[in-house]
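Down below is the structure, laid out as structure tokens.
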Amino acid sequence: MVQDSKRTRPNILVTGTPGTGKTTTSAALADSTQLRHISIGDLVREKNLHDGWDDELECHIINEDLVCDELEDVMEQGGNIVDYHGCDFFPERWFDRVVVLQTDNSVLYDRLSKRGYTGAKLTNNIECEIFQVLLEEAKESYPENIVVALKSNTIEDITRNVTTLTDWVRSWQPTPQ
């Protein structure tokens with residue numbers, strides 16, 4: 001991967017099935033590192049970067065081109081933690097580390113049920129985790145050496161993940177072009 005030599009801070013993508021702790025981890029990591037936390041779901045809602053609503057899955061239909069256009073300048077600057085459950089449409093050049101959070105199915109089922117997920121939305125998300133869809137998507141979309149899978153079942157896991165990632169951010173150096 002060719003990193004942008006103008007960047008003095010890394011960009012990190014935190015991805016995983018809904019309910020794996022992306023937002024919790026990203027917010028804690030942003031506090032620890034002073035990187036900017038960008039929640040794609042919030043950005044899509046705030047800036048109307050979608051093509052309507054999916055009634056079956058009860059979510060916005062994200063317009064990937066609009067999202068990428070919106071983020072291009074800020075990603076070029078560096079210092080961002082992007083939090084989203086998908087990863088294959090972001091440009092490879094944006095990220096220095098791709099973190100895939102994984103949660104045991106029983107833990108994930110409880111988390112999603114508490115959020116009110118039912119029917120197809122609940123089933124689809126549990127199946128994504130069972131089949132490690134997001135880990136495979138990350139491995140196919142980014143260089144393998146920047147993709148890391150981290151367990152995210154407990155608060156202790158999240159704390160350990162934030163510590164590990166904070167250490168990585170502190171040791172990160174831009175690669176000359």
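- Here the side chains of Leu134 and Cys87 are not in contact, with every heavy-atom distance at 4.5 Å or above.
- Rounded to the nearest 0.5 angstrom, Thr17 OG1 and Gln132 CD are separated by 9.5 Å.
- By the side chain to side chain donor-acceptor pair (under 3.5 Å) test, Glu156 pairs with Thr154, sequence neighbours left out.
- The side-chain contact (heavy atoms from CB on, under 4.5 Å) test applied to Ala30 returns His37, Ile81, not counting sequence neighbours.
- For Asp42, the side-chain contact (heavy atoms from CB on, under 4.5 Å) test picks out Ser39, Arg45, Glu46, with sequence neighbours left out.
- Apart from Ile126 itself, the hydrophobic cluster it occupies contains Leu108, Tyr109, Leu112, Tyr117, Leu122, Ile130, Phe131, Val133, where clustering links Ile, Leu, Val, Met, Phe, Trp and Tyr at side-chain heavy-atom distances under 4.5 Å.
- Neither side chain, Asp88 nor Ser141, offers a donor N or O lying under 3.5 Å from an acceptor on the other.
- Residues satisfying the side-chain contact (heavy atoms from CB on, under 4.5 Å) criterion with Thr123, sequence neighbours excluded, are Glu127.
- When every heavy atom of Lys6 is checked against every heavy atom of Glu76, the shortest pair comes out as NZ-OE2, 3.8 Å.
- A donor-acceptor distance shorter than 3.5 angstrom exists from the side chain of Asn161 to the backbone of Lys151, with no hydrogens or angles considered.
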Report, one line per pair, each donor and acceptor closer than 3.5 Å where one atom sits in a side chain of residues 56-67; sequence neighbours left out.
unit_1 : atom_1 : unit_2 : atom_2 : d
Asn63  : OD1    : Asp65  : N      : 3.2
Asn63  : OD1    : Leu66  : N      : 3.0
Asn63  : ND2    : Asp51  : OD1    : 3.2

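- Here the side chain of Asn153 pairs no donor or acceptor atom with the backbone of Thr103 at under 3.5 angstrom.
- Between Val162 and the options Thr159, Thr166, Leu165, a side-chain contact (heavy atoms from CB on, under 4.5 Å) holds for only Thr166.
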